[in-house]
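Structure first, commentary second.
One-based numbering, in listed order, for ligands and for the atoms of each. What's counted below: heavy atoms across the whole structure, side chains too, no hydrogens, waters or symmetry copies.
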Amino acid sequence: VIAAQETKKIVRKTHSTLNGRIDKTFHNSILRKKYISSRLIRVSPDADGVMAEALLTFWFSATDSREALRERIERILRRGLKKYTGPLRINVRSSTISNMDAKRAEALFNDICGLRQNRTVKSMAKSSSLRIVGGLSSAETGDWPWQASLQYNNIHRCGATLISNTWLVSAAHCFRDMSHPEKWTATFGAHLKPPSLKRSVKTIIIHEKYHYPIHDYDIALVQLSKQVEFTSSIHRVCLPEPSQTFPYNIFAVITGWGALTNDGPTPNTLQEATVKLIDSDTCNREEVYDGDITPRMLCAGYLEGGVDACQGDSGGPLVTPDSRLMWYLVGIVSWGDECGKPNKPGVYTRVTYFRDWITSKTDI
Ligand code: ARG
């Protein structure tokens with residue numbers, strides 16, 4: 001679609017520049033509510049420079065005219081790229097937008113992080129009155145496509161989150177005395193039995209600075225022995241940028257097969273609950289966690305108690321949607337003083353702190 005000068009060097013640069021440029025263009029356009037994402041899928045040498053192909057994804061409603069939308073998208077894209085004044089020379093003339101065959105589009109769509117099919121803000125409002133402790137809100141397969149169960153000798157131990165075709169992120173404390181990958185399996189789907197998919201584990205990487213019984217640096221990476229093929233009901237979450245900040249008091253969702261009451265049994269069906277992010281100053285107050293919250297941690301829940309993660313939820317996700325309803329991994333269930341007690345909210349591993357560490361180990 002786009003030609004530029006100086007092939008090789010530019011191929012790499014094109015990726016970041018163009019992704020950002022296209023994103024910005026649609027964010028600032030009248031289509032910002034319909035725009036989901038843009039992904040460069042191929043950048044290849046071309047007679048005049050490089051050719052870049054991008055997959056643009058938009059929300060459709062039944063009443064939208066496909067052709068009208070296509071023309072609008074093209075107009076906005078051309079205008080946006082024309083304004084670009086960076087080191088690349090973008091040949092707007094040669095840009096074309098075309099529909100893609102359904103199979104290919106679906107595969108690419110399933111590869112987009114953090115999307116929940118057929119889910120709207122409504123389902124989030126619904127879940128806010130429900131809880132994991134108390135166990136009223138059951139999820140269905142596909143509701144939280146990145147959720148995995150980590151099992152030791154086929155018994156559920158911890159939650160984990162899919163961040164690529166082969167990598168899960170979880171909590172370091174899940175592997176205390178049990179760091180042999182051969183005994184671990186990961187399952188996907190809302191039910192522990194029967195799962196929709198099962199994978200054995202190849203590698204477990206525990207953070208170098210995690211030292212039991214201290215909760216700090218409570219993060220681990222789990223590599224699957226065989227990659228999972230993404231579907232609409234099994235795929236990855238989005239990881240936040242290291243610099244990304246999440247405002248306090250926003251709602252976030254926790255999911256897991258953890259106990260429904262303190263010391264209670266493990267449910268077979270995935271549970272979900274909505275919690276609020278709590279700032280660390282509040283969480284470090286004497287009557288809360290009295291200074292135990294480090295920069296590697298994040299509190300979420302309610303100071304009045306009630307809704308919380310619990311034993312068995314560890315390693316699982318705390319996620320929040322952005323304005324386009326793409327879900328980001330904000331925290332990893334780590335610890336708490338029992339479950340759901342007043343002034344004892346859940347404590348989570350702060351994912352932004354470890355974003356670069358994750359890249360250093362996995363290239364993600
Ligand atoms: N450490 C627990 C586990 O291994 C999870 C604790 C979370 N507790 C809480 N109150 N939020 O599953």
Residues in ring-ring contact (aromatic ring centres under 6.0 Å, His included) contact with [X], at least two apart in sequence or another chain:
| X | value |
| --- | --- |
| Tyr35 | Phe26, His27, Phe58 |
| Trp184 | Tyr152, Phe175 |
| His156 | Trp257 |

Write out each pair where an N or O from ligand 1 and one from the protein are under 3.5 Å apart, with the distance.
from     : atom 1 : to     : atom 2 : distance (Å)
ligand 1 : 1 (N)  : His173 : NE2    : 3.3
ligand 1 : 1 (N)  : Ser314 : OG     : 2.9
ligand 1 : 1 (N)  : Ser334 : O      : 3.2
ligand 1 : 4 (O)  : His173 : NE2    : 2.9
ligand 1 : 4 (O)  : Ser314 : OG     : 2.5
ligand 1 : 10 (N) : Asp308 : OD2    : 2.8
ligand 1 : 10 (N) : Ala309 : O      : 3.4
ligand 1 : 10 (N) : Glu338 : O      : 2.8
ligand 1 : 11 (N) : Asp308 : OD1    : 2.9
ligand 1 : 11 (N) : Ala309 : O      : 3.3
ligand 1 : 12 (O) : Gly312 : N      : 2.6
ligand 1 : 12 (O) : Ser314 : N      : 3.1
ligand 1 : 12 (O) : Ser314 : OG     : 2.6

| request: Measure from NZ or CZ of Lys344 to the centre of the six-membered ring of Tyr289, then state whether that distance is under 6.0 Å and the direction lies within 45° of the axis. | output: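 Yes, Lys344 and Tyr289 form such a contact.
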
| Taking atom types as modelled, is there a side-chain donor on His173 or Ser334 under 3.5 Å from an acceptor on the other? |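 Absent: no donor and acceptor within the cut-off.
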
| said: I want to know whether His215 and Tyr210 have ring centres closer than 6.0 Å. | reply: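 Centroid separation for His215 and Tyr210: 6.0 Å or greater.
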
